[in-house]
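Note sheet for the following structure.
Small disclaimer: the values here were computed from a predicted structure and weren't measured. Residue numbers begin at 1 in each chain, while the letters A, B, ... track the order of the sequences.
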Number of protein chains: 2
Amino acid sequence: MTHCSSFLDKLRQRGYRITPQREMIVDAIAHSDHHMTAEEIFSTIHMHSKALNLATVYRTLDLLVDVGLVSRADLGNGRIMYTSDQHGLHLHLVCRQCGGVVGADSSLLASIEEQLHASYGFTADLHHLCISGLCKSCQNHQKS
Amino acid sequence: MTHCSSFLDKLRQRGYRITPQREMIVDAIAHSDHHMTAEEIFSTIHMHSKALNLATVYRTLDLLVDVGLVSRADLGNGRIMYTSDQHGLHLHLVCRQCGGVVGADSSLLASIEEQLHASYGFTADLHHLCISGLCKSCQNHQKS
DNA sequence: CTCCTTGCAAAGCCTTTGCACGCTG
DNA sequence: CAGCGTGCAAAGGCTTTGCAAGGAG
């Protein structure tokens, strides 16, 4: 059920070489259902294999983004996260206080996408839209 | 017509001191109708006054954001931009290719804001939502 | 066998911070 | 006159890059 193999195939098709490092990185991303930072991907893999360098993670991630297999989402605060692009639209609610990230129903986005295209000719990349704000629990804490 | 004076009043009210540097920075932001990076604010001011340091711009910007006069928008790519918060909701379309920023009608956002609050108890901070994608002209160029 | 990839370490970039001096209120 | 705010320079965090060695095709 993993998209790993299709990921690797796509890389091969484009003429990229399949190395153990790339396999591990693709594996880590494809099997994760949530966003991960480069650092997280690195340490996840590093737990069971030392044959990997952070710089390689960054390079591979750039490559995967270029090829269109992975999308990069900047949550602000310099936190850059990556996810497999196979999940369709995602809406992420990022709490400006606790930093937490909540996934939200992305159906809201469909209409926006259309309207932006119609009105501005702008093709929005809504695979991983991030909206900042205050999450439920942080609001409650503030009421004190 | 400038909000400069009201900005400065608000700072005074909160017990902050009004220095020439703060005046210049407030002035620069209040008179600009678009987003600016700290660097841009700095160099704009630096053209006619050398009495300003980048670190001070950052500190003042932080202060203005805290007080709620200015909002910070992270466009991704590490580009952090600031604007006077007196303009209501803003929607910014950031082109991932040319880096251009187009302002868009923010009426689209109202419904989203409500729905997020209703469904997730999440109070979205939509003063400066940034959506990344491909702008009209970059799409045309790609068709080649 | 070629040359794409990797690891390592250093460099870069933007932002933040420590400290002593200066200026606001 | 007290203490906040500034400039300067150094530190910080994350990401990128140069280079030689190594592995994929």
Side-chain angles (χ1 to χ4, degrees), chain A residues 5 7-28 35-46 49-67 69-82 96 99, chain B residues 5 7-28 35-46 49-67 69-82 96 99:
Chain A
S5 42
F7 271 53
L8 295 175
D9 283 344
K10 217 159 205 166
L11 286 182
R12 243 187 297 265
Q13 284 168 27
R14 311 251 178 156
Y16 294 109
R17 294 184 177 172
I18 306 305
T19 64
Q21 290 85 346
R22 289 183 174 168
E23 284 184 20
M24 293 189 288
I25 294 171
V26 163
D27 188 76
H35 284 190
M36 303 174 82
T37 63
E39 181 64 45
E40 282 166 359
I41 293 171
F42 172 70
S43 51
T44 296
I45 297 173
H46 205 257
S49 166
K50 304 282 179 192
L52 182 61
N53 185 284
L54 226 202
T56 302
V57 175
Y58 280 109
R59 280 188 283 230
T60 303
L61 250 15
D62 282 350
L63 185 157
L64 292 172
V65 170
D66 275 356
V67 173
L69 291 169
V70 161
S71 70
R72 194 196 315 266
D74 192 322
L75 304 195
N77 276 317
R79 291 182 303 169
I80 301 179
M81 317 209 55
Y82 299 85
R96 96 172 80 92
Chain B
S5 41
F7 271 53
L8 295 174
D9 283 343
K10 218 159 204 165
L11 285 183
R12 244 186 297 264
Q13 283 168 29
R14 312 251 177 156
Y16 294 109
R17 296 185 178 170
I18 306 304
T19 65
Q21 289 85 346
R22 288 183 175 169
E23 285 184 19
M24 292 189 290
I25 294 171
V26 163
D27 186 76
H35 284 190
M36 302 174 82
T37 64
E39 181 64 43
E40 282 166 359
I41 293 171
F42 172 70
S43 49
T44 296
I45 297 173
H46 205 257
S49 166
K50 303 281 179 193
L52 182 60
N53 186 284
L54 225 202
T56 301
V57 175
Y58 279 109
R59 281 188 283 230
T60 302
L61 250 15
D62 281 350
L63 185 157
L64 292 171
V65 170
D66 276 355
V67 173
L69 291 170
V70 161
S71 70
R72 195 197 315 266
D74 192 322
L75 305 195
N77 276 314
R79 291 181 304 168
I80 300 179
M81 317 209 55
Y82 299 85
R96 97 171 79 90

Whole-Å distance, B/Leu63 CG to C/dT17 C1', equals 16 Å
Indicate whether OP1 or OP2 belonging to C/dC8 is found under 4.0 Å from a side-chain N or O atom of A/Asn53.
-> yes
For residues B/Phe7 and B/Val70, determine if any side-chain heavy atom of one lies less than 4.5 Å from a side-chain heavy atom of the other.
-> yes
Of D/dT17, D/dG7, C/dG7, the nucleotide closest to the side chain of A/Ala55 is D/dT17
Output every pair passing salt bridge (Lys or Arg N to Asp or Glu O under 4.0 Å) with a member in residues 12-23 of chain B, not counting sequence neighbours, ordered by first then second residue.
-> B/Asp9-B/Arg12
Nearest-angstrom distance from the residue atom CG of A/Leu52 to C1' of D/dG22 | 16 Å
Is A/Ile80 close to A/Thr37 at the side-chain level, that is, under 4.5 Å between some pair of heavy atoms?
-> no
Heavy-atom nearest pair, A/Ala51 first then A/Met24, reads O-CE, 3.6 Å
From NE2 of A/His46 across to C1' of C/dG7 the rounded distance in Å is 12 Å
Round to a whole Å and report the spacing from CE of A/Met81 to C1' of D/dC14.
-> 14 Å
A/Thr56 side chain N/O closer than 4.0 Å to the phosphate oxygens (OP1, OP2) of C/dG7?
-> yes
Under the ring pair (Phe, Tyr, Trp, His ring centres under 6.0 Å) test, which residues partner A/Tyr16, sequence neighbours left out?
-> none
For DNA chain C, which residues in residues 12-25 of chain A have a heavy atom at a distance below 4.0 Å?
-> A/Tyr16, A/Arg17, A/Thr19, A/Gln21, A/Arg22
Between the CD1 atom in B/Ile41 and the CG atom in B/Leu52, the distance rounded to the nearest 0.5 Å is 10.0 Å
Figure out the CG/C1' separation between B/Leu8 and C/dG25, and round it to whole Å.
-> 15 Å
Atom CG of B/Asp62 and atom P of D/dG5: how far apart are they, to the nearest Å?
-> 13 Å
Rounding to a whole Å, what distance do you find between A/Leu61:CG and C/dT6:C1'?
-> 16 Å
Whole-Å gap separating C1' (C/dC14) and CZ (B/Arg59) = 15 Å
Is a side-chain donor or acceptor of B/Ser49 paired with a backbone partner of B/Ile45 at a separation under 3.5 angstrom?
-> no
